[in-house]
There are 2 protein chains.
Amino acid sequence: MPGIDEKDREILRILRKEGRITLTELGKRVGLSPASVKNRVEKLEKLGAIKGYSAIIDPAFLDEYVQAFFELKLAIDDHTIDPILRRVAKLDEVQSLYRRSGERQILVRASFHDTDEVKAFAGRLKRLFGKNLERVEVTLIIDTFKENWVSCETGKR
Amino acid sequence: MPGIDEKDREILRILRKEGRITLTELGKRVGLSPASVKNRVEKLEKLGAIKGYSAIIDPAFLDEYVQAFFELKLAIDDHTIDPILRRVAKLDEVQSLYRRSGERQILVRASFHDTDEVKAFAGRLKRLFGKNLERVEVTLIIDTFKENWVSCETGKR
DNA sequence: GCTGAAATTCTGGAGTG
DNA sequence: CACTCCAGAATTTCAGC
């Protein structure tokens with residue numbers, strides 16, 4: 001990675017686990033003044049190294065009692081479906097969306113209030129992908145032990 | 001959820017997408033003074049509604065060019081393996097770890113510098129779970145479109 | 001990348017309904 | 001009891017070096 005030094009990487013590694021750390025404390029950790037850290041963080045945001053910041057929330061407190069993975073097997077395996085994927089990514093229920101190797105190329109993680117919503121969402125996926133969608137496998141999340149480098153302690157939700 | 005009102009849920013929904021928002025701005029959005037928001041956020045952290053805060057980082061900037069899902073089929077399906085799962089969750093390479101329904105009960109997402117590390121990690125998993133581990137399926141992440149409610153724009157990394 | 005000063009935010013206590 | 005207000009502390013921010 002050009003233009004990125006070890007201090008930038010330190011900053012990224014810290015922010016990944018402590019997204020709300022102050023610039024002052026971050027400066028102390030990496031050995032820079034608050035102003036310099038700010039410049040670096042702004043650079044990293046501009047470069048796209050930092051996509052955003054997120055709190056790790058227990059979905060139960062938002063009455064989202066059902067979380068599920070949707071594994072999609074698509075007929076097409078190229079970038080022609082990217083526009084559809086971006087549309088799916090924008091949906092409010094969708095927490096994460098990945099393209100990966102293997103048969104079930106698309107993995108979606110989403111949160112719902114109840115199982116009816118899961119069914120409705122699966123239907124929405126079928127409509128959005130149309131005949132490109134060969135198969136959908138749904139699995140329900142039972143425990144979350146770690147999410148985005150943040151430990152979820154007991155794993156109970 | 002007892003003791004949680006609509007304003008708390010608003011706060012959680014906003015923090016999920018904007019983890020680094022100031023308490024002042026958060027207060028404006030939900031119609032409360034900064035001090036009140038602070039009290040509520042502290043309450044939500046204490047209750048475990050907020051597990052932590054995380055920046056969404058493009059792994060390439062940390063020279064983590066290989067990201068993978070590990071889907072584990074375990075011989076045992078109860079909570080006796082929870083201690084092992086917690087040990088796996090603590091590993092530095094592990095970004096997320098879930099227990100879910102279906103045959104491949106455990107899903108791990110992890111980041112690596114190269115494919116050798118992937119192989120080494122798979123070996124480590126086998127050692128940790130021992131004879132409880134029936135099968136490991138590894139898939140490589142090609143694109144990340146959304147991560148923890150944060151859009152990753154182009155999906156390119 | 002640092003310094004220093006100004007603007008903003010944070011924070012804890014006292015006061016209000 | 002949760003909220004607001006307010007003042008002091010800390011942080012952020014921006015200028016100039």
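A side-chain donor-acceptor contact under 3.5 Å links B/Arg20 to the backbone of A/Ile21. Formation of a donor-acceptor pair under 3.5 Å by the B/Thr115 side chain with backbone atoms of B/Val118 is not found in this model. The backbone N or O of B/His79 sits nowhere less than 3.5 Å from a side-chain atom of B/Arg99 that would complete a donor-acceptor pair. In terms of modelled atom types and a separation under 3.5 Å, the side chain of A/Ser54 and the main chain of B/Asn148 share a donor-acceptor contact.
Once you apply a 4.0 Å limit to the heavy atoms of chain A, the touched nucleotides of DNA chain D run 5' to 3' over D/dT11 to D/dC14.
Each salt bridge (charged side-chain N to carboxylate O under 4.0 Å, His left out) pair with one or both residues in residues 112-126 of chain A, not counting sequence neighbours, appears once here: A/Glu93-A/Arg124.
Heavy atoms only, all atoms of each residue included: A/Lys43 and A/Gly3 are closest at NZ-O, 3.4 Å. Smallest separation of non-hydrogen atoms from A/Gln95 and B/Lys146: O-CG, 3.7 Å.
Atom CG of B/Leu32 is separated from atom P of C/dG17 by 19 Å (rounded to the nearest Å).
Within the hydrophobic cluster formed by Ile, Leu, Val, Met, Phe, Trp and Tyr side chains joined at under 4.5 Å, directly or through other members, B/Leu107 is accompanied by A/Phe69, A/Tyr98, A/Leu107, A/Ile141, B/Phe69, B/Tyr98, B/Ile141.
A close approach under 4.0 Å does occur between a side-chain nitrogen or oxygen of A/Ser36 and OP1 or OP2 of C/dC2.
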Polar atoms only, N or O, under 3.5 Å: list the protein pairs with nucleotides 10-13 of chain C and their distances.
residue	atom	partner	partner atom	Å
C/dC10	OP1	B/Leu23	N	3.0
C/dC10	OP2	B/Leu23	N	3.2
C/dC10	OP2	B/Thr24	N	3.0
C/dC10	OP2	B/Thr24	OG1	2.9
C/dG12	OP2	B/Lys38	NZ	3.0

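In this structure, the side chain to side chain contact (heavy atoms under 4.5 Å, CB included) partners of A/Glu134, at least two apart in sequence or on a different chain, are A/Lys73, A/Ala75.
In this structure, A/Asn39 and B/Lys28 both approach DNA chain C, and ranking their closest nucleotides by distance from the 5' end singles out A/Asn39.
Atoms CZ and CG, on B/Arg109 and B/Leu97 in that order, are 12.5 Å from each other to the nearest 0.5 Å.
Axis angle, first five pairs versus last five pairs of the helix from C/dG1-D/dC17 to C/dG17-D/dC1: 30°, rounded to 10°.
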